[in-house]
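For reference, the structure is listed below as structure tokens.
Every chain is numbered from 1 and lettered A, B, ... according to where its sequence line falls, protein lines coming before strand lines.
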Amino acid sequence: MINNLKILIHQGKQYIPDVTSVEIPGVFRGRPVISNDKVDEKALEEICPTKAISINPVAIDLGKCTFCGECAFAFPNKIKFNKEYKTATNSLELLVIKEGVDNPVELNPDLIRKEISDYFSGSLKLRQVCAGGDGSCELELGASGNVNFDMGRFGIEFVPSPRHADGVVITGPITKNMAASLQICYDAMPEPKIIILAGTDAISGGIFIDSNAIDRSFLETHQVDLYVPGNPIHPLTFINGVLDLIRKRNK
Amino acid sequence: MKSISIKNNQQISFDSIPVLEYDQFLDYNTSLLHIEDNHCVNYYGIPQQGNVQLICCIANDKNGLINISSAVVTLPAILESFSQYHFAFEKFEREIHENFGIHFINHPWLKPVRYPVNQSDKNNTISNYPFFKIESEELHEVGVGPIHAGIIEPGHFRFICNGEQILHLEIQLGYQHRGIENLFLQKKKLIELHTLAENISGDAVVGHTTAFVNLWETLCNQETGADLHFARTLALEIERVAIHTGDLSGMCTDVGYQLGSAVFGRLRTPVINFFQQWCGNRMAKSLIRAGKTNFPFTADLGVTLINVLDKFEPDFDDMCNETFGSPTVMGRFEKTGLVSNEIGKSIGLVGMAARMTNLNRDIRTSHSYNLYETLAHQPILKHHGDVYSRAQIRREEVKQSLAYIRQLIASIPSENLSRKSLPQPSANVFALSLVEGWRGEICHCAVTNDTGDLLHYKIKDPSFHNWLALALAVRNNEISDFPISNKSFDLSYSGHDL
Ligand code: SF4
């Protein structure tokens, strides 16, 4: 017991006091900033493993980007990644970062459904469904609730049963073999319910989009409330995105 | 000559692999496995206009060689099974059956493995898996998954229980199948292949990516630079520390030991944050590249890492002493989820799961690569094969890896500034790459065509061997002990399903 207490006290305070403003140490590829520099755009487009870069004008789609950094290494004056981890948003268009534009990525408050702020602003229970995710986004979603990031302090939690959930967080490109189970899980959740796509694979299919082993028809028939970019997502990106989703609606 | 013997990361012409009559192929490979030093690291088929060339790779852990042999069979085929002579071939033959429709006589169960898109029987669907059934008034079945209670990957577990006691567990996988091996052939850019390798299993990014880049440089006949060897070895050991520590947290969670769960959990954080400081990604995606690096390891990074370790180690030791000294934890760990040495050998266990049954199997020693020869690695072995052994292995391997990391950092090679760019892979060659990831041996095999493009790519995650061990380990356990047994193996779904 005494030893337990010693260890407990020795841990000190591990939680990050303010997860909305803390700075990430070291290197982090958050939001790309694309300058108006003239470069060989074809060559730039060619570098990208997941066709996240479009040209004329140059833009990067955070829903497709794996944040590998190759473009920034090859064209350092054209593309720089800053350390902003608040890159989640609720519209696919807002995920596209354009040349010469250096604005933070935010949610469009008008797109946030009224039920979300009415019911979930103080408490949100989520069910996670991995549908072909490689396990890394899942680790980071788990980490979002650990003693460091502690998103439970905002009433945001993962629950085991879809019956207790207010929404689903999908990871992975959605495999054919998981498509039916994902639908069953979603149907089992009571209304109103939200859908969050976490990670590049979930948002765009990522490197797997050309595989015939995936089936993304679920997304054609359901409205997505939040896109969280990353490969894997960073816990801070997820927590801030969800906080904005439940708090940011125009009254 | 019945086989050609190669080393880990050695390129040979594809035509130099002997093609045997199937009977001879069967005799040769199954008799190899009667020698304890041998184990099967890969066995698979390559489609060739209506035929299938079966490639069998048996590694000898003593002499460091891998014996490659092959047989060509015409479809449709009915063949005597390897598995009737040695059980370790069981999963490999199921995969060949599933992909090509080859029927194996006297195989114990030719059940589907992962319902891949290219399966030969297009009528098979994941919802009609043929589970074993027992007709009995006393027994009942419990089905769990594919979606589990926690934030983990999907898979289905079907238990047959007598009250609380598990008589039988059958594990059905395939939900995670993304067709990754096909994508390796579809995608032509090297950066795409790296991205695929990084996404095979998100908790073993360094392991799989290292297997890929070592293999790729072998195909290209390019020597790996000293700084790249260094970075890969270092990253592999950091990954081992991070995941083992996280798993100790998970194991504490599963026995309701809150302090261990929280402390091991937070101890993992600075370790993966170090990856972030090194390469910008907590799982080390983007760190490992064939023939180059975007993130040279600097002396400053060395200092940062030493600081991380200096803070980590005493806290880790304290928490281990407390955990392993706690009767409530030990009561749940000891004699739970047993796998005997006999069973381990017969099903061909690899990695940590093999070493906990006193099976000396560790690629770092037997088929060393990158800098492992200089580290003179000695595998840590345990004897009991229970959850406790798997916890102890993690504890001791973390300590061992910490020592290796310190040893490595003592002489950081300078960045190679005159790196040659990678040539094209050689034409018509075969190469194999083995890496001891934190779970166990990862095996990637590649064949190139006339123009040096990939003709075939085969990935084997250690989980492919080890899932069966979990199914056997929980027999006669209470069903409430399943979560802790499962976590103690911590196998990969995506690495298995590919
Ligand atoms: S960082 Fe993103 S946009 Fe740039 S090359 Fe990598 S995936 Fe493409």
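For the pair A/Lys51/A/Asp210, a side-chain contact is recorded, criterion being any heavy-atom separation below 4.5 Å from C-beta on.
The contact between A/Asn148 and chain B is made entirely by side chain atoms (from C-beta outward), counting heavy-atom distances below 4.5 Å. With a 4.5 angstrom heavy-atom cutoff, B/Ile126 touches chain A only via side-chain atoms. At a 4.5 Å heavy-atom cutoff, the contact between B/Arg114 and chain A is made by backbone atoms alone. For B/Lys292, the part sitting under 4.5 Å from any heavy atom of chain A is the side chain, from C-beta outward, and nothing else. With a 4.5 angstrom heavy-atom cutoff, A/Asp201 touches chain B only via side-chain atoms. B/Tyr493 does not touch chain A: none of its heavy atoms, backbone or side chain, sits under 4.5 Å away. For B/His194, no part lies under 4.5 angstrom from a heavy atom of chain A. In this structure, the portion of A/Phe149 lying under 4.5 Å from any heavy atom of chain B is its side chain and not its backbone. For a residue to count as touching a neighbouring chain, one of its non-hydrogen atoms must lie under 4.5 Å from one of that chain's; by this rule A/Asn146 touches chain B with the side chain only. With a 4.5 Å cut-off on non-hydrogen atoms, B/Asp315 touches chain A through its side chain but not through its backbone. B/Glu153 touches chain A through backbone and side chain together, each having a heavy atom under 4.5 Å away. Proximity to chain B is limited to the backbone of A/Cys48, based on heavy atoms less than 4.5 angstrom apart. In this structure, chain B has no heavy atom under 4.5 Å from any part of A/Ala179.
Using a 4.0 Å cut-off between charged side-chain N and carboxylate O, B/Asp247 and B/Lys487 make a salt bridge.
Distance check, rounded to the nearest 0.5 Å: CD of B/Glu198 to CG of B/Asn281 gives 7.5 Å.
The side-chain tip of B/Lys285 does not point at the ring of A/Phe67 from less than 6.0 angstrom away and within 45° of straight on.
Listed for the B/Arg268 side chain is no donor-acceptor partner under 3.5 Å among the backbone atoms of B/Ser249.
Per-residue heavy-atom pair counts under 4.5 Å with chain B were compared for A/Val169, A/Thr66, A/Ile184, A/Thr175, and the maximum is reached by A/Thr175.
At a heavy-atom cut-off of under 4.5 Å, chain A is reached by B/Tyr257, B/Leu259, B/Ala262 from residues 252-262 of chain B, listed in order of number. Using a 4.5 Å cut-off between non-hydrogen atoms, the part of residues 22-31 of chain A that approaches chain B consists of A/Ile24, A/Pro25, A/Gly26, A/Val27, A/Phe28, A/Arg29.
Side-chain N/O atoms of B/Ser463 and B/Asp461 include a donor and acceptor closer than 3.5 Å.
Ring centers of A/Phe73 and A/Phe81: at least 6.0 Å apart, outside the cut-off. Checked against the 6.0 Å centroid threshold, B/Phe157 and B/His148 count as a close aromatic pair.
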